[in-house]
Q: 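My questions all concern the structure below.
Predicted model only: the values in this text are computed from it and were never measured.
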Amino acid sequence: MRREDPGPDAGPLWGARAPTTVAGGFSWRPGVLEEGILSTPAELHRGVLTSGAADQLAALVARAAHAPVGLINFAQGGRLRLYGGWGLSGSWDEVADVPIADSLAEIVLRTDAPVLIADLTADDRVRNGRSGAYLGHPIRDPHGAVLGICCACDHEPRSWTADEVAAVAEAAQVCTLLITEQVARHEIDQQRRFLDAVLDSLHDGVTACDADGRVVFVNERMRAMWGEGGLPDDRMPDGLTDAGGTAITRADLAIFRALRGDHLRDEEVILHGSDRRTRHYLVDAHPITGPDGHTVGAVQAVQDVTRRRRVERFRTCELAVTTALAEAPSVEAAGPRVLEAVVGTLDWVHAELWLVDDAAGVVRSAARWSAPGWQADIDVPVDLPYGMGLAGRAWQVGKPLWIRDVGQPQSLISEATARSSRLHAALAVPVREGFETLGVLTVFADTVEDPEDELLALMAGIAAHIGQFVERRLVDDLQRQLNRSKNEYLALIGHELRTPLTSISAYTELLREADERTLVAEGPRLLEVIDRNTNQLRHIINELMELSALDAGHADIQLAPMDLAEVVRDSLAKARAAVDGAPLVIEEELPEQLVLPGDRKRLRQVVDNLLGNAVKYSPDGGHIRVTLKAAGRAAELAVTDTGLGVPADEREKMFTGLYRTSRVRDKAIPGTGLGLTLSRAVVTRHHGSIELVETDGAGTTVLVRLPMDAR
């Protein structure tokens, strides 16, 4: 605005550029003023109180007092700050902030009353002053405390009329009103800023609307959750439902229900996104009531509890998994329930459980589960070689593998399977117990997903439960086997060993009591019986000793490259020679050569045992078929007969030592029951496996798997 120049002496009249000292040595006491402005914000800047209005008011003061200069000053912290001026000469910055003690305003502040000075040179309260006149009036806050000074100044001595004094006094009152309004506005603005900052720092989203339902406030958290408007779009998303699954319309939103008078607390809202991700919210909403009791708006606070709900679901999933494992006799039986809990918890669509067959060098599919309504014809291989496919690679690396999209190259899933199954994200977690990998748990989603630490932790925990279950079952089986072996060993001592000893003792007694004629006639036959029973006893003892050595790890297993096909051919030739003339057909299907690391002598013993059992348990003739082939990284030897067969519930018992099937006992077929037990011990030392498997029709099939790579 325009500032008139009253001349070169205008500035020093009020101590703006040349200090004016006060007679009597008065020193300003800051506490007097500061107590009066405690109700205003500290360190007010000029823009808070003026915004140009103070300059206009200073001009009115100058004109009403017929003076060339009008000033409005405020006191803060011992300083006199200029907030409005008229008729100033020189730079504003030179007079904007000066010590109170160096100004004529100090007299007004000290006396707490209007000050009229007609001639500055004649007033003993002013020292080193220059000619001029001064009229100053205190500006007070609504409580009466002095905030500053409103003054008119003249560079020539003059008398001040009553009207001029009244005009300055009225201007001071106007200043009070102006200050009160602007300070209040400033405080409201500060409070609003503080409130905005507090609301923006909340973890809850906050939205407020007016009485007409127009959104008037949205904090940052709410914008992040539901967009700039703080509410779902006018076209409500299809996936917004209440806790019961009922779709929510815009009119049913909590904030509009609150506008109609409802008070809502912990109202659950679920948003089923188009990306199949589900978000869970808890909403509080209340009406805002005005002074007259009428509703002037509503406010809602929205808390995203998706993570909390997920943690709860994860705990439920772990409980379901542990319950399924506790109630199941085997991991294969528990597998579908375990996978169902995992798929339902993650909102994914498919899961598989694989168990490691270390001997064959593959992971075998033990269970699978697909979400209801999802395609059930996903191509799941029977087994996967070590390092191949998602499960095989997870076994190989021994750590979780997360694939964002199995449809991309190098995803470990075949392109055809990924395309036909519509699967995308995949996670494979090794099932471990200690340092040993026992299996792999894989889960699949129909959307692209980025890795999540919480989900990885859940899957690792479930895999650990499965690993502990498998290991516990192995320990339980071993304990049962030990107990059974102890009992059967006692039975062997009481029967199998005693029987040949009894024969030896009886025939020895006959020889001792026989006369010369009897010895000549019957001696050779009696000695043959004694020799046969002695050999049988020696054979039993040797098998027990060998089995004990193999179990304890004391028996030598010399692994070297060997042709298993050649070993099987030699054993077949011996078996055919033994049954020559019997109604028994032995067929074979062998490769020219199949080389693997093994102990030739021990594996020949296994093959001889299997062929010997097949012949022994086919007393009425039939067919014996022997096949040998490479399957992945393993060699598979199968010996099938059409003999007595083994009931399904007795198959595993055949490998526990000294056990003989009930059908064999009924037929009184001789044997110790140690052959398969000894064979399993040898195969196990070769890191292989041996089992009785299902056979089409009558008979028995023994399947041996041996790794073709050195371990």
Side-chain angles (χ1 to χ4, degrees), residues 188 190-320 344-347 452 454-455 458:
I188 291 173
Q190 289 289 88
Q191 291 173 0
R192 182 183 62 80
R193 292 175 184 272
F194 275 110
L195 180 60
D196 287 350
V198 170
L199 292 175
D200 282 339
S201 68
L202 295 178
H203 290 290
D204 292 357
V206 179
T207 304
C209 70
D210 61 16
D212 296 323
R214 291 188 296 266
V215 175
V216 296
F217 175 81
V218 181
N219 73 342
E220 286 298 326
R221 181 64 173 166
M222 197 72 228
R223 291 188 184 96
M225 286 194 293
W226 280 1
E228 193 67 25
L231 294 174
D233 297 336
D234 291 336
R235 292 176 296 175
M236 291 291 291
D238 295 334
L240 194 64
T241 69
D242 60 18
T246 303
I248 296 178
T249 66
R250 186 173 177 82
D252 292 331
L253 291 175
I255 193 169
F256 298 131
R257 291 170 58 189
L259 196 60
R260 297 194 293 268
D262 293 344
H263 290 263
L264 308 177
R265 182 170 294 279
D266 292 338
E267 193 86 2
E268 185 166 6
V269 175
I270 303 174
L271 180 60
H272 305 275
S274 57
D275 58 356
R276 294 183 60 86
R277 293 189 176 183
T278 301
R279 309 296 301 180
H280 295 262
Y281 304 99
L282 290 181
V283 183
D284 291 354
H286 303 280
I288 302 173
T289 305
D292 58 357
H294 290 86
T295 300
V296 297
V299 62
Q300 74 172 10
V302 180
Q303 182 182 9
D304 190 337
V305 294
T306 304
R307 189 167 185 171
R308 185 195 308 171
R309 291 287 187 266
R310 191 173 219 188
V311 170
E312 293 171 355
R313 291 171 63 194
F314 282 5
R315 290 173 181 167
T316 302
C317 177
E318 285 200 85
L319 177 60
T345 298
L346 302 186
D347 277 338
E452 294 185 36
E454 290 181 352
L455 194 151
L458 169 71

Q: Taking C-beta and beyond as the side chain, do Arg257 and Glu267 meet within less than 4.5 Å on heavy atoms?
A: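 Yes, close enough: below the 4.5 Å cut-off.
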Q: What I'd like to find out is whether the side chain of Tyr281 reaches to under 4.5 Å of the side chain of Ile270, using heavy atoms alone.
A: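 Of all side-chain heavy-atom pairs linking Ile270 with Tyr281, none is under 4.5 Å.
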Q: Locate the shortest heavy-atom distance separating Thr345 from Cys317; write the atom from each residue and the value.
A: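 Looks like OG1-CB, 3.0 Å.
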Q: Excluding sequence neighbours, so at least two apart, what forms side-chain contact (heavy atoms from CB on, under 4.5 Å) with Ala254?
A: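 Scan of Ala254 (side-chain contact (heavy atoms from CB on, under 4.5 Å), adjacent residues dropped) gives Leu264, Val283, Ala285, Gln300.
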Q: Would you call Asp284 and His263 a side-chain contact if the rule is heavy atoms closer than 4.5 Å?
A: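 A side-chain contact under 4.5 Å is absent here.
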Q: Mark yes when over 12 heavy atoms from residues, nucleotides or ligands other than Arg307 sit less than 6.0 Å from its CZ; otherwise mark no.
A: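 Counting neighbours around CZ of Arg307, 12 or fewer heavy atoms of other residues, nucleotides or ligands fall under 6.0 Å, so no.
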Q: For the residue pair Pro287 and Thr295, what are the closest heavy atoms and their distance?
A: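 Smallest heavy-atom distance, with atoms named: CB-CG2, 4.1 Å.
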Q: Measure across Val206 and Asn219 and return the closest heavy-atom pair with its distance rounded to 0.1 Å.
A: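 Smallest heavy-atom distance, with atoms named: N-OD1, 2.8 Å.
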Q: Less than 4.5 Å apart, any side-chain heavy atom of Val302 and any of Thr207?
A: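 With C-beta onward as the side chain, the pair stays apart.
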Q: Could you check if a side-chain atom of Val299 sits within less than 4.5 angstrom of a side-chain atom of Ile288, using non-hydrogen atoms only?
A: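 Yes, close enough: below the 4.5 Å cut-off.
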Q: Taking the side chain as C-beta and beyond, is there a heavy-atom pair between Cys209 and Val216 under 4.5 Å?
A: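 No - every pair of side-chain heavy atoms lies 4.5 Å or more apart.
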Q: So, using side chain to side chain donor-acceptor pair (under 3.5 Å) as the criterion, who are the partners of Asp204 when residues are at least two apart?
A: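 Testing Asp204 for side chain to side chain donor-acceptor pair (under 3.5 Å), a comparison that skips the adjacent residues, returns none.
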